[in-house]
Each structure stands twice: as structure tokens, then as C-alpha cells.
Amino acid sequence: MSVATGRLGCVYVVLASDSEGVVITPCDERTVSGVPERVSRAELPAAVARLERSRPRWVWDDTSRWYPSLLARGVRVERCVDLRLCHAILRNSPLSASSALATAEVNPWDSPAADVPAEDTLFEVGVDAALDPVAEFFLQRQAASPKLALLLSAESAGALVAAEMMFAGLPWRADVHDALLVRTLGPRPVPGSRPAIMEHVLTEVRSAARAPDLNPDSPGELVKALRRAGLTVESTRSWELKKIDHPVIPPILRYKKMARLLSANGWNWLDANVRGGRFHPEYVPGGVVTGRWASKGGGGALQLPKQIRGAVVADAGWKLVVADASQLEPRILAGMSADRGMVEAGSAGDLYAGIVSTGAVHTREQAKSAMLGAMYGATSGESGRLMPALARTYPQAIALVEAAARAGERGEKVATRLGRGSPLPSARWRDLQTQAASDESREGISAAARSEARTWGRFTRNFIVQGTAAEWALCWMASLRKALHLLAGDLWITESAHLVFFMHDELVVHCPAEQAEAVEGAMRQAAADAGRLLFGRLPLEFPLTVAIVDDYGQAK
DNA sequence: GACGGCTCCAAA
DNA sequence: AACTTTTGGAGCCGTC
């Protein structure tokens, strides 16, 4: 191995896989800085571990293809560049629109990541083996402005966090989960039949509705049965049924709640997703247009219902530290717009209370509702009505989201704080707008065009806030990951405090009990770091609600 | 029987 | 709780 460990100037190390093994190329920002080496796939983990001592930034096509195998062999890396994720950002950002990368023909770097092979295929050569990661890396460095470079490293750090969380898994007590199911639904039934308590509630439904053969899982049948019972319903949505006062409604609502638990997080879910006391969800960094993560399998880790969080239990002698960024999106809006009044409103811990104290609205609930309306583009209802008052008190903040909405309505791109660009509307959308603009357009067409334009405007309005909040969360995670690694010293990931769960504005760390307070401090510090990275010296606070608990159900 | 669209509900 | 954003998944139901 003559890719010398610690050689000066070797800031990046590019990994490329081919049919014979892996080529390791040391680089700096613009050029190859050393002699490429080839190692066999079996030798790679040891080679990476050795080179990691000089703390390079590992450059690879796709973190989800390289890192799980390294982790499985006990190799952790500090930094990386995930070329595919970064390519997607640079291809679409207004800040890199004139770069060679963005103006190039569509190429394989634009295609979504291939499905990660289930277990350990040890760096199998995929369809992308022909792509040259070194060339792509140089194109990317050339395209990235300083702001974009920050976004690219946050995005890549997120990919490392995701892989490490998937590796560690979320502590999950199958016995606790099972007890909850038995208590709520009855003992596990034979496949094809309903649990006893559910069956019992169903008999109540059937007799109250005088429909002995009713299949409650069929919305169509249920609506018909309710109408026969004299009720006027448009659908079987819970919120609609709740408005109705009739003896058949309570058992239906109970049944629906139970059916949801059974199908989404019942025994089948437990069998399929929990092994060895851990739930290993699949996170998909950059999986959402706004830059949020998506999740796959396991019912979607990002939709983990509060109802079953009691089954997330820390190991003996360990704790869960659960941190939630309070009122994140309104604070993000305050930061993006540098609206001094709104920044000020958030300085005393409760931003909504701060809004009330200016007299813009009367109650905290109104403040919350008005802010949601501002960020989502509410047109009707209470939040629509409250918007004008908000706009008078916080003109800069509201102007920012309004401008994003207008840009979207014109079919333009908008961007987050760090430069992630929104997608453009479809060709169909453009055609409709063009048609509506022409003289002979009919009333129906222009009404449809206006409606679609407003819909896209609501999307772009929300995009800048949701997307910037996602950037904040990436910076938060990246900074915390670094701090936890320092805390761990020479211990392996799962032997010391480590991240186990992420849900948009919430993080969970699993740690030995004696580390819990240090972890809480690190989480708060990381939140402050993230705020500074995005918004500089603006006196904007990102308070966390932190709970040190034995099980996730105890947090909030 | 496979597949896609629809409904409903979980999360932020 | 709907209004208004982004998602994932289960089950039903009609079509092929």
C-alpha cells in the first residue's frame, strides 16, 4: 500500500469498483495527487481502516453501496462525498446552473441509486462500474459554490449517519410490543382471522348498524351501511365520522384504530422487521424532493406511530436521549427572512407565545395556526383569516414565502437557504398555463390553470421552508455525529453513545446511562452549531426539548 | 392472479 | 380536525 497514510495534500480518496477489485485514487480538489492503487475486495476494509488514520474524505458513488459492508467489518469513516446525492443537488440548483455538470447531457449519474442488495454482497460490481468517479468528482468541485459545498458535505454526512443508524438499529423489545398488541387487540390469531377484541368490537358495529354481514374493512360497504342507518356521510374518514352523534360511530372508530394498528404495526410487522432486539429501518437520504429523508420497509420508520414507541426500550444500564427541535419550521422561516420581529418572537423559548405578545393574534393556538397557514399556503379557514395580521407584524417573513409562492405560480424554480433547487412543474402544467394565456382560451381552462398554478405555488412556498429545515437537520446530525465520535474515543459505534433514530426534527441517541447528560449537552450544542452554519450571527435560537428516558414512549 | 388506482391513516 | 406541504404502506376493488 503506497497510497501513503498521512501523505500531505491527500485530502480526498476516491474509490472505484471494477471487475478486478477496487481502485483507490488519492486526489486534491482539482487533480489526482498520487498513484492509484488496486486492492482486492477482500482487502478493502483493511485498506480503508489504514488510510482512515489520515482522515481523508472518502469519495464514492453511493454511500449505501460501500459503507454498509465496511461497517459490517468494523470499519467506520469520518467523512465522505456521496457523488450520486451531490450530483442530484448540483444538477438542479440555481446556484450551479451554468456549470459544466449542470449543462451536460443527462448521464448515468442522474439515475437514482440502485436498490441496495439485501445483505453483504461485498462491493458487488453494479451497472455503474463504467462510470468514472474521479472525473465526476472534479466536475462537482468545479460546480460547487461555497454555500453549495456546505450543502454537499451536509448531505454526504447525512448519508453516513443513515448507514450507521441502519447498522446499529433501534432497540426494540418484541415482548413489550407483543404485550401491547395482546392488550389492545387480543391474543395473536391464526392467519386469516381477526384478533378476539377486534372481533368483539366488530359484533358491536354490526349490531348497531343492523348489518350482520358488514365487512368493516371495505369503505364502500361501510358507507352504504351507514346510509341505510340514516346517516349522511361522504366517506368513512375518521374525522368525518367523529362529527356524527350516533351509537354506531364509537365502535367503528375503535375498530378502525385497531385495524390500523394490526395492519401497520401488528405481529406481521414485528416478524418482518425486528431481529435480535433491533429494528433496522431503511432510510433514504435525499429521498424527498425537498431534501428530507424518506424511509422504506418497516412501515416507514418516518411514520413510526406514537402508539408503539413504548416498545423502543434502552438496553439495561443504557438510556435513550430523545431530542426534538421545537417549532423548527417557523424558526427556519425567521432565519431565512431575517425578520427581526420573528427572530425576537422566538428568543424566549416559545415562538408562538412570542407572536401572541406582539398582539398580532390573541391566542397561542391562533399563532400556531397562522404560522402553519403562512408556510403551507392556507387559503380558507381560520389560518387563512389570520394571515393578514401576521403579514402586518412580520412583513419580511411573510414576503419571503409569498415571493416563493408567486415564483412557483410562474413556473420558476425556488431554492433553499443552501441552494437546493425545487423541481420544475411538468410539461402538462406548462401547456395548461400557455393555453390559458392564449386569447381564445375558455373559461374552464383558465380556471383550471389558475388552480394548478396556485397548487404549484403552495408547493414552492412550502419547499423553501421544509427544505431549509431539512438542511438544518442535516447540519444538526452531522455536528452531533462528530461530537459523539469524540465522546466514544476508541470505542466502536455500538459500544458508546450513538444515533439510533431520526424523524425530520427529532433525534434519538442510545447511550450508557452515565453518558446521558453529556449527550444532552452535545445535542444542544449541535443544534446551536447548525443554526450558525445556516444563518451566521443572526441571534436565532433553536431550543430543543430533550428527554432522558428508558423507553421512547416516555418522551413527550 | 397481477397490477394500478383509490381510500384511509401514520409521521413531520 | 379539516383547511394547506412532503411522504410510505395496507387493503379494497376494478381491469386485464
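Lettering follows sequence order; numbering is per chain, from 1. Note: hydrogens, waters and symmetry copies are ignored here, and every other heavy atom, side chains too, is used.
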Of all the nucleotides listed (C/dG11, C/dG8, C/dC13), which has the minimum atom distance to the side chain of A/S263?
-> C/dG11
Would you kindly compare A/K242 and A/A378 by the position of their nearest DNA chain C nucleotide and give the one closer to the 5′ end?
-> A/K242
Please state how far atom CD in A/Q366 lies from atom P in C/dA1, giving the value in whole angstrom units.
-> 17 Å
Should the pair A/W472 and A/W476 be assigned to parallel (<30°), tilted (30 to 60°) or perpendicular (>60°) ring geometry?
-> tilted
Roughly how many Å is it from NZ in A/K296 to P in C/dA10, rounded to a whole number?
-> 14 Å
Which of A/E471, A/E155, A/E329 passes salt bridge (charged side-chain N to carboxylate O under 4.0 Å, His left out) with A/R292? Answer is A/E329
Quick one: do A/E409 and A/R406 make a salt bridge, cutoff under 4.0 Å?
-> yes
Calculate the interatomic distance between A/F463 atom CZ and C/dT7 atom C1'; express it in whole Å.
-> 14 Å
What integer distance in Å separates A/D217:CG from C/dC13:P?
-> 9 Å
Whole Å only: how far is the CD atom of A/E452 from the P atom of C/dT5?
-> 12 Å
Single hit among A/R260, A/K256, A/R194 for salt bridge (charged side-chain N to carboxylate O under 4.0 Å, His left out) with A/D217 | A/R194
Figure out the CD/C1' separation between A/E240 and C/dA2, and round it to whole Å.
-> 10 Å
Any luck finding a side-chain donor-acceptor pair between A/Q327 and A/D350 under 3.5 Å?
-> yes
May I have the distance from A/E409 (atom CD) to C/dT5 (atom P), rounded to whole angstrom?
-> 13 Å
Go through the side-chain N and O atoms of A/H87 and A/D110 and say whether any donor and acceptor fall under 3.5 Å apart.
-> yes
Rounded to whole Å, the CG-P distance (A/L328 to C/dT6) equals 18 Å
Nearest-angstrom distance, C1' atom, B/dC8 to C/dA1 = 15 Å
Side-chain N or O of A/S218 less than 4.0 angstrom from OP1 or OP2 on C/dG11?
-> no
Is there a donor-acceptor contact under 3.5 Å linking the side chains of A/E365 and A/Y352?
-> no
Readout for nucleotides 7-12 of chain B: B = base within 4.0 Å of protein heavy atom, S = sugar-phosphate only, - = neither; 5' to 3' it is -SBBSB
For C/dT4, take OP1 and OP2 only and decide whether either is under 4.0 Å from a side-chain N or O of A/R458.
-> no
Contact class for A/V289 vs. all strands (heavy atom < 4.0 Å): base, sugar-phosphate, or nothing?
-> sugar-phosphate
